[in-house]
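This report refers to the structure that appears directly beneath it.
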Amino acid sequence: MIHRMDNVLIVVDDLDGAVEFFRNIGMELEGRSTLEGDWAGRVIGVPDARQEIAMLRPPAGGCGVELAKFTTPAAIVPEPEDAPANTLGIRRVMFAVDDIDAVVDRLLDDGAALVGELVQFENVYRLCYVRGPENIIVGLAEQLAEQTQEDA
C-alpha cells in the first residue's frame with residue numbers, strides 16, 4: 001500500500017536560481033543541506049556523490065520538490081537540452097494555483113518563458129507550461145469552476 005507521494009527530484013546546476021523559481025510559484029523552502037557519504041552513493045548508484053539539496057513544499061503541505069546540485073561528480077546534460085513535450089521521460093510537474101496571471105507575471109519577470117500559450121479549457125481551467133532555469137518545465141493550472149460528478 002502506498003501512503004503518499006513525498007517529493008520529485010530535479011537535478012540542477014544553479015541551485016539558488018531554481019529555489020527562487022519555485023518560491024515565485026508559491027512554494028516554501030523547507031530546508032537546505034549537503035548529502036554525501038558512502039550511504040548516499042549506494043542509494044543513488046553514484047559512488048562518491050556529493051550534492052547540495054533544497055526541499056520546497058506547498059504552504060499547505062503535500063508533495064515537495066527536491067532540488068539537487070551535484071558537486072561531485074558533475075551533472076550530465078541531457079540531449080537535447082531544451083527537449084519538447086513529446087520527449088520520453090518526465091517532462092514537467094504541474095501545480096494548481098489560485099491566480100495564474102500573477103504567478104506567470106512573477107515568473108516571466110524573473111526570466112522564465114512560456115513554452116506555448118496560456119489557454120482556457122472550457123469554463124473549467126486556465127493552463128500553461130512555463131520554462132524556468134535549467135530548462136525546468138512546470139505546468140500551472142487555475143481552476144475556474146467546480147467540476148461536478150456529471151462533468152467528469
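Applying the salt bridge (charged side-chain N to carboxylate O under 4.0 Å, His left out) criterion to D38, with sequence neighbours excluded, gives R42. Partners of D6 under the salt bridge (charged side-chain N to carboxylate O under 4.0 Å, His left out) rule, at least two apart in sequence or in another chain, are R4, R57. With sequence neighbours excluded, the residues that form a salt bridge (charged side-chain N to carboxylate O under 4.0 Å, His left out) with E36 are R50.
V19 and L35 fall into different hydrophobic clusters, defined by Ile, Leu, Val, Met, Phe, Trp and Tyr side-chain heavy atoms under 4.5 Å apart, directly or through other members. Note: the hydrophobic cluster containing V138 does not contain M94 (ILVMFWY, side chain heavy atoms under 4.5 Å, direct or indirect links). Hydrophobic cluster membership differs between Y129 and L108, with clusters built from Ile, Leu, Val, Met, Phe, Trp and Tyr side chains linked at under 4.5 angstrom. One hydrophobic cluster, built from ILVMFWY side chains closer than 4.5 Å, cannot hold both L15 and F70; they sit in different ones. Two different hydrophobic clusters hold V115 and V93 under the rule that ILVMFWY side chains link at heavy-atom gaps under 4.5 Å.
Between F21 atom CZ and M27 atom CE the span is 11.0 Å, to the nearest 0.5 Å. For the atom pair CD of E28 and CG of L56, the computed distance is 9.5 Å after rounding to the nearest 0.5 Å.
Looking only at side-chain heavy atoms (C-beta outward), V12 and I10 come within less than 4.5 Å of each other. Residues V103 and I100 fail the side-chain proximity criterion, which asks for heavy atoms closer than 4.5 Å. Inter-residue side-chain proximity for R126 and F121 is flagged as unmet; no heavy-atom pair is nearer than 4.5 Å. Annotation: side chain of L140 is in contact with side chain of V104 (closest heavy-atom distance under 4.5 Å). The shortest distance between side-chain heavy atoms of D14 and E134 falls below 4.5 Å. The side-chain heavy atoms of Y125 and L144, taken from C-beta on, include no pair separated by under 4.5 Å. Here the side chains of D110 and E20 are in contact, with some heavy-atom distance below 4.5 Å.
Formation of a donor-acceptor pair under 3.5 Å by the Q120 side chain with backbone atoms of E122 is found in this model. Looking at E117, its side chain never comes within 3.5 Å of a backbone N or O of C128 through a donor-acceptor pair.
The minimum heavy-atom distance between E66 and I53, with the atom names listed, is OE2-CG2, 3.8 Å. Here the shortest heavy-atom pairing between A112 and G132 reads CB-CA, 4.2 Å. L9 and A68 make their closest contact through CD1-CB, 3.7 Å (heavy atoms, listed as atom of the first residue, atom of the second, distance). When all heavy atoms of A49 and P73 are compared, the closest pair comes out as CA-CD, 4.1 Å. Between G17 and P133, the shortest heavy-atom contact is O-CG, 3.7 Å.
Within a 6.0 Å sphere centred on CZ of R92, heavy atoms belonging to other residues, nucleotides or ligands number more than 12. Few gaps surround CG on D105; more than 12 heavy atoms of other groups in view lie less than 6.0 Å from it.
A salt bridge between R32 and E52 is present, with a side-chain N of the basic residue lying under 4.0 Å from a carboxylate O of the acidic one.
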After noting the C-alpha distance and the side-chain angles of L127 and L118, does the key distance pass the side-chain contact (heavy atoms from CB on, under 4.5 Å) rule? CA-CA 6 Å; L127 308 149; L118 175 57; 5.8 Å; no
Quick one, N7 with M55, criterion side-chain contact (heavy atoms from CB on, under 4.5 Å). Give me CA distance, side-chain angles, the key distance, then yes/no. CA-CA 9 Å; N7 67 66; M55 180 62 73; 3.6 Å; yes
Check the pair L67, V65 against side-chain contact (heavy atoms from CB on, under 4.5 Å), reporting the backbone distance first and the verdict last. CA-CA 6 Å; L67 302 171; V65 172; 3.8 Å; yes
Would D16 and K69 count as a salt bridge (charged side-chain N to carboxylate O under 4.0 Å, His left out) here? Give the steps. CA-CA 10 Å; D16 292 330; K69 175 184 174 53; over 6 Å; no
May I have the step-by-step check of side-chain contact (heavy atoms from CB on, under 4.5 Å) for D48 and T72, ending in yes or no? CA-CA 7 Å; D48 302 319; T72 56; 5.6 Å; no
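With respect to Q51, the side-chain contact (heavy atoms from CB on, under 4.5 Å) criterion is satisfied by exactly one of I44, T34, V46, V11: I44.
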